[in-house]
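First listed ligand is number 1; within each ligand, the first listed atom is number 1.
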Amino acid sequence: VLVPVERATVSVYDRGFLYGDAVFETIRTYEGEPFRLEEHIDRLGWSAERVGMKLTLSSADQVAEVRSALKKVEAERGEPGDLVARIMITRGEGPFGLDPAGATTPCRVLFIHPYRPLPDKDRTDGVSAITYATYRPSDAARGAKVGNYLESIVALREARARGAHEAIILGVDGQVLEGTTSNVFAVRGGRLLTPPTSLPILPGITRGLVLDAASDAGLVAEERPLAPADLHDADELFVTSTIRELLSITRIDDRPVGAGVPGPKTRALYEAFRRNAGLPPP
Ligand SMILES: Cc1ncc(COP(=O)(O)O)c(C=O)c1O
């Protein structure tokens with residue numbers, strides 16, 4: 001059922017509200033076409049499996065539901081512009097207590113919002129980031145996209161308090177993991193470095209496409225554990241996500257990255273990513 005936000009309600013006994021017991025996906029459109037929709041739906045199923053949540057829709061039906069909701073909103077909206085679809089699936093309502101056995105019917109909410117591009121300045125100048133050490137309490141889900149983003153929220157709050165755009169999260173042993181809602185890459189010499197998915201990070205869909213594009217940009221991709229020094233000493237740094245695509249980080253922990261401006265390799269990767277995805281140049 002498509003309803004205005006004011007009429008969309010969820011129970012206070014919903015476990016997504018009570019415990020962050022939920023999985024989700026964020027998808028964007030390019031000229032009306034949802035980007036990599038099937039991959040996002042696969043990842044949703046993978047996340048649900050990791051936390052033992054049984055989904056009620058098949059992947060094909062879930063894909064069809066997103067497409068149909070996007071079409072309806074597009075038709076009602078009557079103005080051009082890309083959209084963002086967010087699928088939120090909670091374990092549903094249950095009695096108080098952590099035992100999920102009492103919750104039998106997942107609650108599925110699909111949000112459709114206009115896509116808001118980044119400010120031009122962020123693209124032309126790059127953005128700043130901080131490194132942020134945390135215990136990553138939600139690692140039980142091992143990289144699944146679950147509803148509890150509290151540590152990312154706390155990390156981002158710290159970043160914003162320090163005038164930065166993003167926080168790069170470091171795990172307990174000081175290893176670089178990922179951004180609060182992004183994956184992180186460093187360029188050093190001819191190498192493109194990023195933490196491996198054997199660490200508790202989200203296997204970002206943009207991350208995968210950027211790794212595929214490495215050779216087009218004349219880089220050798222290396223997935224390996226990184227230390228904060230690898231970020232501080234990088235020639236270029238950037239984060240990736242569905243919403244931000246590739247975004248240069250030109251300052252980290254209050255120091256410039258390389259020349260302090262978005263770098264040529266990041267640009268080449270961004271162009272290759274768009275080209276390989278069949279999108280117009282950035
Ligand atoms: C923790 C985290 N890492 C990485 C990403 C990037 O993933 P994708 O490129 O699939 O959007 C996201 C996206 O929201 C995220 O929340």
Ionic contact status for Arg123 with Glu245, cut-off 4.0 Å: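 Yes.
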
Side chain, backbone, both or neither: which applies to Ser152 and ligand 1 if a contact is any heavy-atom pair less than 4.0 Å apart? neither

Within this structure, what is the CE-CG distance for the pair Met53 and Leu44, rounded to the nearest 0.5 Å?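 Answer rounded to 0.5 Å: 9.0 Å.
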
For [X], is at least one N or O under 3.5 Å away from an N or O on ligand 1?
X	answer
Tyr149	yes
Leu202	no
Thr206	yes
Thr242	yes

Suppose I only count heavy atoms of Gly204 and a 4.0 Å limit; which atoms of ligand 1 are within that range?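 Answer for ligand 1: 7 (O), 8 (P), 9 (O), 10 (O).
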
As an exercise, identify every atom of ligand 1 less than 4.0 angstrom from a heavy atom of Thr180.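 Every atom of ligand 1 under 4.0 Å from some heavy atom of Thr180: 1 (C).
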
For the aromatic rings, using the six-membered ring if either is Trp, is the centroid distance between Phe35 and Tyr115 under 6.0 Å?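 Aromatic pair excluded; centres sit 6.0 Å or further apart.
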
Ring centres of Phe96 and Tyr13 under 6.0 Å apart?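 Under 6.0 Å, so yes.
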
Any Thr26 heavy atom less than 4.0 Å to ligand 1: no

Show your working on salt bridge (Lys or Arg N to Asp or Glu O under 4.0 Å) between Glu76 and Lys71 and close with a plain yes or no. CA-CA 9 Å; Glu76 278 182 18; Lys71 281 221 164 62; over 6 Å; no

Determine, stepwise, if the pair His40 / Arg28 fulfils side-chain hydrogen bond (donor to acceptor under 3.5 Å, both in side chains). CA-CA 10 Å; His40 280 281; Arg28 69 161 288 182; over 6 Å; no

Given Glu245, Glu178, Lys145, Arg28, identify the one with the heavy atom nearest to atom 14 (O) of ligand 1. Lys145

Would you check if Asp125 and Val261 make a side-chain contact, meaning some heavy-atom pair closer than 4.5 Å?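 Side-chain contact under 4.5 Å: no.
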
